[in-house]
Amino acid sequence: MANAAATVAGMRDVPAAIRIMRWFIRHPPAVTFLLVVILCIVVGTINPGFWQVSNLFDMARSTVVRGLFALGVLVVLASGGLDVSFTAIAALVMYVITMLVTNYAPDLSIWPILGIAAASGAILGICNGLLVHALQAPSLIVTIGTQYAIRGFLLTFIGTALFMNIPESMDAFGKLALLRYEGANGAVATLPAYFLVLVVAASVTWYILNRTLIGRALYAVGGNAGIASRLGYNLRTVHVFVFAYAGLLAGIAGIMHVSSNRLANPFDLAGSELDVIAAVILGGARITGGSGTVLGTLLGVLLITLVNNVLILVGIPSTLQLAIIGLFILAAGAMFSIRPKS
Amino acid sequence: MSVYKKIATCTVALGALCAAQIAVAQDAPPVVTVVKVTGENWFTRMEEGVVAYGKDNTGVSTSQIGPAKADAAQQLRLIEDLVAKNVSAIAVVPMDPSALEGVFKRAMNRGIKIVTHEADSLKNTQVDIEAFDNKVFGARFNEKLAECMGKSGKWTSFVGSLGSLTHVQWADGGAENAKKYPEMELVSEKNESFNDANKAYEKAREILRKYPDIKGFQGGSAIDVIGIGRAVEEAGLVGKVCVVGLGLPKDTAKYLESGAVQSISFWDPKDAGYVMNKVAQLVIEGKEITDGMDLGVPGYNKVSVKQGPGEGIIVVGEAWVDVDKSNYSQYPF
């Protein structure tokens, strides 16, 4: 705290603009928030149709799966690792569970399904964690490997066909509405109940990171693994925990994807890893580990979702959309690079 | 020691595998059909046609293979294996046509006949078979849409990706046809779904928001109509918005039943598989395929033949199938 007091004292004799910049540099999620606000204002000015309840609901709906993934990535990233296998885990879990439930227990309710998905995801995550620890290899390389292995296994041994008849309970869960809103032209918009899953997951993640010993441990390991281990933190526990947690969230995200999409397609989700990692980085987490907040991550997810979902509203032709998304991520990334290296 | 044992065992196993494959080769000239990916409903249906042709004609022995993953490199490897085995003819549904030019050239130099499907840009092929003219197919979608929309109102088109040539051709063909109806207005065309029903859904939601008075959607990839149908259904606009496009009966059944999707079109992969093998046999026997020829399968009774971009020819049928709520169940795939 003495440090903070010194900074405040030092701020007296610098211009306001620089002081504001320094404040933003110290609060990365604020930068993300600012970007979100600017984007909303710009889009809202171009097309007032942006300010609609149905738009808000759609945005909330699209953040769920990406948000669950991002929370997992945040935890892994905070501990100094990187996980890219989560989409493969989600695809495997969602496809296998949907198939098994349909064929053997079509009346199973949604809670045991979610439980099984979380557990299977966690088990796959534990394998990731053990491999990372045992091989002492960069977790990016290990998870690229497991991603391919898992996806290959799914497509070779489980199936490649689209699965339309998902269990009744999952279908109902996907359709369950928290709020309902009827637009001017009779079009109905609903805020799905599964949005609450993201809220719960975010709260739990926040609690783990800020209020538990393992939370402390994983920031410490992410900051400097050598020092953390000399301080008595168990690296193996941390590695296994973070990947298990990321796997658990991925498993749940898989079921969310199927429930909302009303079909299970084993080819889905592949290729969205980088989108998610970009969201977490834009939320202020450092790719080198040791930092990152839940709030920032959620804002990052919101930012990426916004960019992905407003281009038609603004009237950008689809040939240009990918390029615009790329440029936007570049620009946002550049804002973060102004931060001092510590 | 155990390492050597392992290597020895593997070698024996591998040898046995190769021997088994060679043993399969029969006396009749083998024609092998290579598909994009094995296990998908579409290509399972195609295999029925391939097998049926082999049963109907003892002159050739037919079989179908394909990679476990829709991957151009894996497909290339399978074809290279076939060239090494020196089969009589290879019929291919290419994942990425340009990636196969080299291997096809080598195969033809060795006297292996090459027949392709859905690859009218290929230079190194003897016969490319198209189920229909893509522009005409797109125009047919638009015609159905126009009929449903009462020939007026806003509409839009979807494509799997802007790189999917056929999807873009369908979208363009639709747009071209819509010019006949001055009341129809094309908005925000060629939305990319990336072959993901959820992306199609999200884009459709956004379009419904931007154009609350939109009347029609034309789907490109086979799952576009599923995503769009879901968006229309959830918005409570069934009956107010028309959805047509490429689709598979089994996958789209739910939305055809609910009325969110009016009609889907496709071509029967079984017939395509049958015709590919028929053409392969004709080529092996040195017979020419002529304009207006009857290949003996509905939709291919009067094919048109034109010159391809290379030495080969392109055979175009009229093999589209349109289904709606009333008759989709006749097609079990």
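Fair warning: this is a prediction, and the values are worked out from it, not measured in the lab.
- Neither the backbone nor the side chain of A/V258 has a heavy atom closer than 4.5 Å to any heavy atom of chain B.
- The closest side-chain heavy-atom distance from A/D58 to B/E202 is not below 4.5 Å.
- A/F57 places none of its side-chain heavy atoms less than 4.5 Å from the side chain of B/R205.
- With values rounded to the nearest 0.5 angstrom, A/Q321 atom CD is found 9.0 Å from B/L162 atom CG.
- Listed options B/K210, B/K254, B/K199, B/R209 were ranked by heavy-atom pairs under 4.5 angstrom with chain A; first place goes to B/R209.
- Between the side chains of A/R61 and B/Y201, at least one donor-acceptor pair of N or O atoms lies under 3.5 Å.
- A/S318 places no side-chain N or O within 3.5 Å of a backbone atom of B/E192 that could act as its donor or acceptor partner.
- Side chains of B/K190 and A/T319 form no contact here, defined as non-hydrogen atoms less than 4.5 Å apart.
- Between chain B and the residues A/P317, A/S62, A/G49, the largest count of heavy-atom pairs under 4.5 Å involves A/S62.
- Within residues 84-101 of chain A, no residue has any heavy atom closer than 4.5 Å to a heavy atom of chain B.
- At a 4.5 Å heavy-atom cutoff, the contact between A/L311 and chain B is made by backbone atoms alone.
- With rounding to the nearest 0.5 Å, the separation of CG in A/L162 from CD1 in B/I226 is 5.0 Å.
- There is no contact between B/F43 and chain A, counting heavy-atom distances below 4.5 Å.
- With a 4.5 Å cut-off on non-hydrogen atoms, A/F163 does not touch chain B at all.
- Of the listed residues (B/N191, B/I223, B/V232), the greatest number of heavy-atom pairs within a distance under 4.5 Å of chain A belongs to B/N191.
- Residues B/R230 and A/N261 form a side-chain contact, since some pair of their non-hydrogen atoms from C-beta on lies under 4.5 Å apart.
- The contact between B/T38 and chain A is made entirely by backbone atoms, counting heavy-atom distances below 4.5 Å.
- Note: B/E234 CD to A/S54 OG = 12.5 Å, rounded to the nearest 0.5 Å.
- Ranked by non-hydrogen atom pairs under 4.5 Å with chain B, the options A/T156, A/V310, A/N47, A/N165 are led by A/V310.
- Ranked by heavy-atom pairs shorter than 4.5 Å toward chain B, the options A/L313, A/L155, A/N265 are led by A/L313.
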